[in-house]
Amino acid sequence: MRVLFIHADYIEYEAKSKAMKDAEEIIEKKERYEECLVPFISVEEGDSSILDRAVVEIEDVAKKVGAERIVLYPYAHLSNKLASPGEAMKVLKELEKMLSEKYEVHRAPFGWYKSFVISCKGHPLSELSKEIRGEAKEEE
Ligand SMILES: C[C@@H](O)[C@H](N)C(=O)N[C@H]1[C@@H](O)[C@H](n2cnc3c(N)ncnc32)O[C@@H]1CO
């Protein structure tokens, strides 16, 4: 999983058009969230087996920047080993559920072309990127 984290004063996005036939059905096309951590996430093949690690890493950044609101943003531009849309959707929904135990979590619509405006806070930890992998296997 490749993640770009932006700690933001706000993010505002609008779903414009479907980028795939089975794009997620959505109610609201436009959303704005204040004071949030926005992980732009490229889900990679096999990421359904590293969900616990992803939750730890995202919570670690949220704690470091003092964010209480997380807006998960599906972003298929950070990796050349993308998971299929079906697996990616599953992983993002599961992440949303697991993170919701401790944070207010929202998720931008999956499978849509979206316009967005984000206001990055600009403090030293307001822009971070992580490659989240499984635990290194013990050498036999
Ligand atoms: C397009 C651009 O403006 C927009 N921002 C976009 O990326 N849209 C992506 C994600 O919402 C989702 N998507 C599909 N596969 C994946 C994946 N492996 N990981 C994350 N999202 C995915 O499907 C859309 C088309 O790839």
Side-chain angles (χ1 to χ4, degrees):
M1 181 179 292
R2 300 285 324 208
V3 187
L4 168 67
F5 294 91
I6 302 292
H7 187 202
D9 296 310
Y10 70 88
I11 181 169
E12 197 169 278
Y13 59 73
E14 181 175 356
K16 293 290 192 186
S17 62
K18 290 190 173 184
M20 58 178 57
K21 65 175 174 25
D22 44 359
E24 185 176 16
E25 289 313 312
I26 53 176
I27 302 119
E28 283 303 321
K29 288 206 166 182
K30 258 180 113 164
E31 295 287 358
R32 176 186 171 100
Y33 298 106
E34 309 281 338
E35 293 304 318
C36 52
L37 176 65
V38 185
F40 290 88
I41 300 175
S42 282
V43 180
E44 295 179 309
E45 292 154 4
D47 276 352
S48 38
S49 64
I50 55 128
L51 280 167
D52 292 337
R53 185 140 194 76
V55 168
V56 165
E57 298 281 351
I58 294 170
E59 288 183 349
D60 178 49
V61 175
K63 196 155 149 255
K64 277 195 178 120
V65 301
E68 288 162 16
R69 178 175 300 123
I70 297 173
V71 181
L72 300 173
Y73 200 101
Y75 203 69
H77 309 286
L78 304 174
S79 164
N80 55 17
K81 292 178 292 180
L82 289 175
S84 68
E87 184 184 353
M89 183 76 238
K90 235 171 40 199
V91 165
L92 288 161
K93 279 184 171 172
E94 191 54 32
L95 265 186
E96 180 183 17
K97 200 169 91 199
M98 294 167 81
L99 289 164
S100 299
E101 278 161 36
K102 291 188 195 162
Y103 290 89
E104 178 194 322
V105 186
H106 303 278
R107 187 170 48 76
F110 185 94
W112 288 76
Y113 292 111
K114 297 181 283 300
S115 61
F116 70 93
V117 176
I118 190 164
S119 168
C120 174
K121 286 183 175 290
H123 63 70
L125 293 179
S126 61
E127 299 167 282
L128 293 167
S129 73
K130 277 185 187 269
E131 184 165 353
I132 302 173
R133 295 265 172 269
E135 298 286 342
K137 294 268 176 298
E138 289 300 309
E139 292 304 308
E140 260 79 60

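In each ligand, atom 1 is the first atom listed, and ligand 1 is the first ligand listed.
Looking only at atom types and distance, the side chain of Glu87 has a donor-acceptor partner in the side chain of Ser48 under 3.5 Å away.
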Stepwise side-chain contact (heavy atoms from CB on, under 4.5 Å) check, Cys36 with Ile70: CA-CA 5 Å; Cys36 52; Ile70 297 173; over 6 Å; no
Derivation of the side-chain contact (heavy atoms from CB on, under 4.5 Å) call for Arg107 and Val71: CA-CA 5 Å; Arg107 187 170 48 76; Val71 181; over 6 Å; no
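Applying the 4.0 Å criterion to heavy atoms of Trp112 picks out, from ligand 1, the atoms 4 (C), 8 (N). Applying the 4.0 Å criterion to heavy atoms of Ala19 picks out, from ligand 1, the atoms 25 (C). Atoms of ligand 1 found under 4.0 Å from any heavy atom of Ala76 (numbered from 1 in listed order, with element): 7 (O), 22 (C), 26 (O). Heavy-atom contacts of Leu82 reach the following atoms of ligand 1: 18 (N) (cutoff under 4.0 Å). Counting atoms of ligand 1 from 1 in the listed order, those under 4.0 Å from a heavy atom of Tyr75 are 5 (N), 7 (O), 20 (C), 21 (N).
Note that CG of Leu4 and OG of Ser129 are 6.5 Å apart. Values are rounded to the nearest 0.5 Å.
The protein heavy atom nearest to atom 20 (C) of ligand 1 is Ile41 O, 3.3 Å. For atom 11 (O) of ligand 1, the closest non-hydrogen atom of the protein is Gly111 N, 2.9 Å. At the shortest separation from atom 1 (C) of ligand 1 among protein heavy atoms lies Tyr113 CD2, 3.4 Å. For atom 14 (C) of ligand 1, the closest non-hydrogen atom on the protein side is Phe110 CZ, 3.6 Å.
On a distance-only criterion, Leu92 and ligand 1 share no N/O pair closer than 3.5 Å. Inclusion of Val43 in the set of residues having an N or O under 3.5 Å from an N or O of ligand 1 is warranted. The shortest N or O to N or O distance between Ala83 and ligand 1 is under 3.5 Å.
Relative ring orientation between Tyr33 and Tyr13 is described as tilted, the plane-to-plane angle lying within the 30° to 60° band.
Taking the ring axis of Tyr73 as reference, the NZ or CZ atom of Lys114 stays within 45° of it and closer than 6.0 Å to the ring centre.
You'll find the ring centres of Phe116 and Phe40 inside the 6.0 Å limit.
For the pair Glu28 and Lys30, the salt-bridge criterion is not met [side-chain N within less than 4.0 Å of a carboxylate O].
Panel note: side chain Glu44, backbone Met1; a donor-acceptor pair is recorded below 3.5 Å.
With atom 2 (C) of ligand 1 as the reference point, the heavy atom nearest to it among Met20, His77, Glu87 is part of His77. Here atom 17 (C) of ligand 1 lies nearest to Ala88 when heavy atoms of Ser17, Ala88, Gly86 are compared.
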